[in-house]
Amino acid sequence: MRRAPWLARLEGRFTLAAAAAGLLPLVLVGAVAWYGLSRSYLGLAGARIESEAARLQGSLDGRLEAIVGVLGEALDASAGGAWPLRFAAARLPEAVTLQVRDAGGVRALWSRFEVDPAPLAPLARAGVPETWGAVRRDDWGEPRLTLGLARPSGRFLEAVLRAPVLWDALVELRDPELHAYLTDGSGRILASSDRVEVLRGERAPREVRHGVTGRVFRYRDDRGAWRLAVARDVDRLGGRLVVEAPVRGLLAPLSVPLWTLLAALLLAMTASYVPGWRLARSVTRPLDELARGARELERGRLERPLAESGPPEARAAVRAFNRMAAELEQGRLELEDYARNLEDRVAERTEALRLALERALEADRAKTRFLASVSHELRTPLASIKGFASTLLAPDVAWKPEEAAEFLRIIESEADRMHYLVNDLLDLARGERGAFAVRPAPHDAVRLLRELEPRLRRLARGRRFRVRLPAGPLCVRLDAERIRSVLVNLVENAVKYGPADGEVAVELDELPEAVRFRVSDAGPGVPEGLEERVFEPFFRADDATRGSGLGLAIARTIVEAHGGAIGLTREGGRTVAWFTLPKGGCEDA
């Protein structure tokens, strides 16, 4: 039996009205909640950006102050010729050209790239101790800074410096979501955490150049995206330090609350639709059973047979209809099952490809981090060797034997440092590919520590040193030389990071299935959450700490090659580095 068109329209209106009446207040509440949450989150992000900008400005000012100090020492000591300039250049890898002059003209001149350099144009001015000149760019688009220093005696020093002196300060960003760059007085970018901006000679947006310094502000970039930024004046360079982040990226953590809100709204819409639907159904008449079955079958969604009613002829027609619908439903189910299996196989292959791509990307990122760390660690000793070798070979300076010997000792020390670094890298590479070899043999761990104790006491450098050993022997199969190197590395770290008046303790404990070595000190330890990362290659908890960052990584390789474990804990106010080795017979030890 067919329904009247006006009755169907009435049913639809009732349903929509009921749904809208229940949904509108919830939509308004959700919009207000989202607005307040996003404003609060952007306020916290702005405070984080302000803190990072202040820290980067302090780091940049410190680097510039250190360069001024080194060049000032060279200016004060340059009466003896060009060797103080060479010595200063060895300490400043960014120096390109240095010259010293007085009222009579140029007195000393040094250049990193020119054999016979031309004198620089005078920059320093009498009565002004420090002058930063205009920024120039070389043929590759890299900025070069000019600096002039003056002394009351009438001596002047002019210097040309490369941009890494600025870039190295900006790559210390702790938050990967932030972006930092430094501009000169005209707004051109001198240094950036993304170095491509410098080489392209890009300019800062107008809002950044004219914004209020030291305050958080928002602006729209040339792509139409909103960004949150803080600009701070750098007086020495006459430019600005800018730290910024995209607003969209800062609000990304709020995506989960947003989807939760949408789900709540959808649930609310469903809950408001049901009363309207029941109201509409209460004022309308049900559809004819057979017409409903025909429409459902046409759409392929007949889930239950029609109820048989009416005269015998009608019941027979319904039975025939139900048999036909059952056969069609069986065919549909078979097709759906085949399609489902096909989708599962496609999903499995897609997931395998995604995992393979993630592994490839992670391997590429690891390779990039490895190359960056190795180049950084090798550059410092190479710069020292090159600088002191060039100084010794200077034809216009006659060195005293003790000075030459001191330079040669420095060259030898830096060469040894490179030698140890290369050996550490080889050991680390063998460990990562499973080719690191140890030669374990039965040993008494107590006797091993007693033999090593004098050397460990010398490493303590006068600090209080305590060794606690069990009374009886502890039998372990180990490579004695490798385990000695692990203990020496742990004691050196305890001495390096512990207080000068603290105590370094070495202890040996017996566990049910293993022997545990412990080295503890009263130092502050590593920040919470970084206990596992200190054993990664090139990782240093403190950026100011010297060293290659390979010692603990190689120690873990050695211990794991013995079948043991290594870790770092905090116990009773002391930092404890420990490792365990499985027990083994030592009848022949």
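Quick note: residue numbers are just sequence positions, from 1.
Here the shortest heavy-atom pairing between Arg463 and Gly498 reads NH2-O, 3.9 Å. When all heavy atoms of Ala229 and Tyr219 are compared, the pair lying nearest together is CB-CE2, 4.0 Å. Minimum interatomic distance between Phe465 and Val506 (heavy atoms only, all atoms of both residues): CZ-CG2, 3.8 Å. What you find for Ile189 and Ala204 is that their closest heavy atoms are CG1-N, 4.3 Å. In terms of heavy atoms, Leu241 sits closest to Ala53 at CD2-O, 3.7 Å. Smallest separation of non-hydrogen atoms from Ala77 and Pro84: O-CG, 3.0 Å.
No donor-acceptor pair closer than 3.5 Å links the side chain of Glu207 to the backbone N or O of Asp221. Panel note: side chain Arg155, backbone Asp76; no donor-acceptor pair is recorded below 3.5 Å. Of the possible polar contacts, none joining the Arg101 side chain to the Gly105 backbone as a donor-acceptor pair under 3.5 Å is found. The backbone N or O of Arg48 lies less than 3.5 Å from no partner atom in the side chain of Ser51, so there is not a single donor-acceptor pair. The main-chain N or O of Ala553 is found under 3.5 Å from a side-chain atom of Thr557 such that the two form a donor-acceptor pair. Judged purely by atom type and a 3.5 angstrom limit, Arg209 has no side-chain atom pairing as donor or acceptor with the backbone of Arg203.
The pair Glu571-Arg574 fails the salt-bridge criterion, with no side-chain N (NZ, NE, NH1 or NH2) lying under 4.0 Å from an Asp/Glu carboxylate O. Salt bridge status for Glu94 with Arg63: absent, with no side-chain N to carboxylate O gap under 4.0 Å.
In this structure, CZ on Arg144 lies 14.0 Å from CG on Leu190, to the nearest 0.5 angstrom. Note that the CZ atom of Arg570 and the OG1 atom of Thr575 stand 4.0 Å from one another [nearest 0.5 Å]. Here CD1 of Ile67 is found 8.5 Å from CG of Leu147. Values are rounded to the nearest 0.5 Å. How far CG of Leu552 is from CD1 of Ile566: 6.5 Å, rounded to the nearest 0.5 Å. Interatomic distance, Leu71 CG to Leu161 CG, rounded to the nearest 0.5 Å: 6.5 Å. Rounding to the nearest 0.5 Å gives a distance of 12.5 Å between CZ of Arg240 and CG of Asp184.
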Where do Val488 and Leu456 land on the side chain to side chain contact (heavy atoms under 4.5 Å, CB included) test, with the steps shown first?
CA-CA 7 Å; Val488 168; Leu456 299 181; 4.2 Å; yes

Phe579 and Val486: CA distance, side-chain angles, deciding distance, side chain to side chain contact (heavy atoms under 4.5 Å, CB included) verdict:
CA-CA 9 Å; Phe579 66 92; Val486 173; 3.8 Å; yes

Given the rule in the side chain to side chain contact (heavy atoms under 4.5 Å, CB included) test, do Leu109 and Thr97 qualify, once you have shown the distances and angles that lead to the verdict?
CA-CA 8 Å; Leu109 180 61; Thr97 303; 4.2 Å; yes

Would Ile49 and Glu52 count as a side chain to side chain contact (heavy atoms under 4.5 Å, CB included) if you check the C-alpha gap in whole Å, the side-chain angles of each, and the deciding distance to 0.1 Å?
CA-CA 5 Å; Ile49 294 176; Glu52 190 67 9; 5.8 Å; no

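Counting heavy atoms of neighbouring residues, nucleotides and ligands inside a 6.0 Å radius, atom CZ of Arg455 does not exceed 12 of them. Counting heavy-atom neighbours within 6.0 Å of Arg215 CZ, excluding the residue itself, gives a total of 12 or less.
For the side chain to side chain contact (heavy atoms under 4.5 Å, CB included) with Trp132, the qualifying choice from Leu123, Thr146, Val68 is Val68, the only one to do so. With respect to Gln99, the side chain to side chain contact (heavy atoms under 4.5 Å, CB included) criterion is satisfied by exactly one of Leu157, Leu120, Val160: Leu120.
At a threshold of 4.5 Å between non-hydrogen side-chain atoms, the residues His179 and Ser192 count as touching. Here the side chains of Arg112 and Arg162 are not in contact, with every heavy-atom distance at 4.5 Å or above. Between Val242 and Val230 there is no side-chain heavy-atom pair separated by less than 4.5 Å.
Between the side chains of Arg188 and Thr183, not a single donor N or O lies within less than 3.5 Å of an accepting N or O. No side-chain N or O of Glu202 forms a donor-acceptor pair with one of Tyr181 less than 3.5 Å apart.
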